[in-house]
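A short write-up of the structure that comes next.
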Amino acid sequence: MTTTVSERVSQSAFDGSMLRVVLLMDLHEGAQQRFFEAYEQLRHDIASVPGHISDQLCQSFENPSQWLITSEWESAPQYLAWVNSEHHAEQVKPLGACARAMRPLKFTVLRETGRAYDQAARPVAARLQPTPRLGAGIVRHALTFTVRPESVREVAAILSSYASPAARVDEHTRLCRTSLFMHGNRVVRTVEVQGDLMAALRHVSEQPEVRAVEEAINPYLEQDRNLNDPESARLFFMKAALPAVHHVAAEEGDSPDVTRHALFHPAKPGQGEALARFLAEEDEAAANRPAGPVRSSSIFQRDDIVVRLIDVRGPLDSDADLDAALGTRDPRRAEEFARLTAVPAERTGAGPRTMNLITDRRAPARS
């Protein structure tokens with residue numbers, strides 16, 4: 001079953017559309033043969049992944065060190081389930097070791113033209129994105145990781161005290177907003193970027209003030225990492241990635257009466273995608289209410305971790321206020337939510353678990 005996506009939705013992994021993934025790689029000098037052999041080992045494993053349709057390996061005829069891997073998937077959730085798995089992290093290690101730079105891009109398939117497509121036997125579950133989506137040109141992403149429980153106060157102090165990095169990355173890319181939340185010992189950092197997300201993340205990681213903060217929290221992390229080791233850093237941030245899977249907005253843009261909240265929703269084992277899909281439907285309904293306070297919602301999901309980033313008009317001072325704004329009054333929907341979440345709701349609705357806001361930084365309008 002797929003979600004009916006309205007014009008208010010600018011991003012959704014749940015409309016059932018096929019996904020085309022493009023990975024552009026620039027290899028270290030002399031690594032071409034080693035990279036090709038690593039791909040040959042990997043491609044047979046990929047072929048058996050649920051939802052995988054096909055893939056191609058391409059080498060630039062102008063520059064032999066540039067390679068392109070394209071793959072087609074029945075839907076975005078099937079790809080995300082594979083790319084976010086521990087197995088995937090191990091599978092792609094040999095490829096990553098060959099590359100100076102990698103740039104992944106993900107596209108839902110809107111139209112196809114040509115005899116090859118007309119004659120191809122598509123899986124029954126695969127379909128095209130029905131209409132183009134509209135939005136404000138913002139890319140959303142999040143990272144999540146845990147720290148040692150006894151270090152929560154120290155980590156919160158470190159993460160709230162650093163100077164903001166320069167917002168302007170290049171003439172096409174700008175860091176618009178960074179919001180950081182904690183729930184117990186879990187940290188969630190969300191970013192909003194106009195332009196190239198990978199360029200913005202690389203820009204932020206290279207800023208001295210951000211680097212100093214990352215080094216300062218290193219001793220408190222539950223997962224070890226060495227930022228001076230490119231492979232260790234790459235694996236940490238790969239495992240920490242919390243992709244945006246849905247965004248709906250009643251209206252876009254800043255307003256002084258809008259406040260931001262993050263809600264943590266741990267799912268029952270194996271129910272992360274279903275829970276994210278459920279919350280996407282709830283938040284779309286909330287954004288469609290003419291007099292409702294919900295201005296926009298972004299849902300991030302990886303495995304059984306689901307986080308909602310909610311912008312609302314006016315202050316909401318308690319979980320009860322959030323519950324009233326977001327929760328469904330339909331008892332059947334409340335029961336469905338209870339079947340999906342690892343933390344049963346105490347009230348009717350989606351039972352928000354509000355995260356503590358550590359810092360919310362917006363770039364100046366003309367930076």
Side-chain angles (χ1 to χ4, degrees), residues 1-3 5 9-17 19 21 49-51 73-89 104 106 108 133 138-146 179-184 186-193 197 201 237-249 260-287 294 296-311 322 326 333 336-343 345 350-355:
M1 179 180 176
T2 58
T3 301
V5 179
V9 175
S10 60
Q11 177 183 1
S12 181
F14 305 128
D15 66 356
S17 301
L19 188 74
V21 180
V49 174
W73 298 77
E74 290 179 18
S75 69
Q78 291 168 312
Y79 167 76
L80 292 172
W82 172 67
V83 81
N84 291 333
S85 67
E86 293 287 338
H87 184 50
H88 168 265
K106 298 174 280 292
T108 49
R133 298 193 185 103
I138 300 297
V139 184
R140 297 170 177 85
H141 188 64
L143 296 171
T144 186
F145 51 87
T146 55
S179 305
L180 196 143
F181 299 84
M182 294 183 69
H183 187 279
R186 177 167 295 281
V187 177
V188 173
R189 177 189 292 146
T190 69
V191 296
E192 296 176 7
V193 173
L197 173 65
L201 295 179
F237 288 110
M238 179 186 294
K239 293 178 180 180
L242 191 63
V245 294
H246 195 270
H247 179 75
V248 60
R260 171 158 289 189
H261 305 265
L263 296 88
F264 177 55
H265 294 283
K268 288 180 179 175
Q271 297 298 320
E273 178 197 332
L275 178 57
R277 186 189 299 265
F278 174 91
L279 296 174
E281 294 170 353
E282 293 294 292
D283 291 352
E284 186 175 335
V294 175
S296 69
S297 161
S298 300
I299 296 178
F300 303 87
Q301 181 247 327
R302 180 193 180 100
D303 300 328
D304 296 325
I305 297 172
V306 183
V307 172
R308 300 157 87 186
L309 192 66
I310 306 287
D311 286 346
L322 280 171
L326 301 171
R333 295 285 288 174
E336 182 179 352
F337 173 80
R339 289 195 298 269
L340 298 173
T341 182
V343 181
R353 300 188 72 198
T354 308
M355 304 189 76

Discussion item. So, using side-chain hydrogen bond (donor to acceptor under 3.5 Å, both in side chains) as the criterion, who are the partners of E273 when residues are at least two apart?
Written reply: R277

Worksheet item: With a 4.5 Å limit on heavy-atom distance, are the side chains of F278 and R333 in contact?
Response: yes

Worksheet entry | Residues forming a side-chain contact (heavy atoms from CB on, under 4.5 Å) with V21, sequence neighbours excluded | L19, S71, W73, Y79, K106

Practice prompt. List in chain and number order the residues that pass side-chain hydrogen bond (donor to acceptor under 3.5 Å, both in side chains) with S297, two or more places apart in sequence or in another chain; answer none if no residue qualifies.
Written response: D283

Item to complete: Would you please name every residue forming a ring-ring contact (aromatic ring centres under 6.0 Å, His included) with H141, sequence neighbours left out?
Response: none

Worksheet item: What heavy-atom pair brings S17 and T108 nearest, and what distance separates the two atoms?
Response: CB-CB, 4.0 Å

Worksheet item: Which residues satisfy the side-chain contact (heavy atoms from CB on, under 4.5 Å) test with H183, sequence neighbours excluded?
Response: F264, R353, M355

Practice prompt. Could you tell me which residues satisfy side-chain hydrogen bond (donor to acceptor under 3.5 Å, both in side chains) with S85, sequence neighbours excluded, listed by chain and number?
Written response: none

Fill in: salt bridge (charged side-chain N to carboxylate O under 4.0 Å, His left out) against D304, all qualifying residues, sequence neighbours excluded
none

Discussion item. Among residues at least two apart in sequence or on other chains, which ones pass salt bridge (charged side-chain N to carboxylate O under 4.0 Å, His left out) with R186?
Written reply: none

Discussion item. R133 vs S12, test: side chain to side chain contact (heavy atoms under 4.5 Å, CB included). Steps then yes/no.
Written reply: CA-CA 9 Å; R133 298 193 185 103; S12 181; 4.2 Å; yes

Practice prompt. Kindly give the heavy-atom pair with the smallest separation between A142 and F300, and that separation in Å.
Written response: CB-CD2, 3.6 Å

Worksheet item: Hey, which of L143, L201, V139 is the one that makes side chain to side chain contact (heavy atoms under 4.5 Å, CB included) with V191?
Response: L201

Worksheet item: What residues, two or more places apart in sequence or in another chain, satisfy side-chain hydrogen bond (donor to acceptor under 3.5 Å, both in side chains) together with R260?
Response: S179, E192, D311

Worksheet item: Rounded to the nearest 0.5 Å, how far does CD1 of I138 lie from OG of S298?
Response: 10.5 Å

Worksheet item: Can T144 and V307 be said to form a side chain to side chain contact (heavy atoms under 4.5 Å, CB included), step by step?
Response: CA-CA 10 Å; T144 186; V307 172; 6.0 Å; no

Discussion item. What's the separation between atom CG in L180 and atom OG1 in T190, rounded to the nearest 0.5 Å?
Written reply: 8.0 Å

Item to complete: Could you go through the side chain to side chain contact (heavy atoms under 4.5 Å, CB included) check for Q271 and R339 one step at a time?
Response: CA-CA 9 Å; Q271 297 298 320; R339 289 195 298 269; over 6 Å; no

Worksheet entry | CG on L279 to NE2 on H246, rounded to 0.5 Å | 10.5 Å

Worksheet, complete the sentence: Looking only at heavy atoms, the pair that brings V294 and A286 closest together is CG2-CB, 3.8 Å

Practice prompt. For T341 and A267, indicate whether the former's side chain and the latter's backbone hold a donor-acceptor pair under 3.5 Å.
Written response: no

Practice prompt. Using the test side-chain contact (heavy atoms from CB on, under 4.5 Å), find all partners of A276 that sit at least two apart in sequence or belong to another chain.
Written response: F14, V245, I299, Q301, V306

Fill in: Q78 versus P50, closest heavy-atom pair with distance
CB-O, 3.8 Å

Discussion item. If you compare all heavy atoms of Q11 against all heavy atoms of V9, which two are closest, and at what distance to 0.1 Å?
Written reply: O-CG1, 3.2 Å

Worksheet entry | Residue list, side-chain contact (heavy atoms from CB on, under 4.5 Å) with N84, at least two apart or on another chain | L80, P243, R302, D303

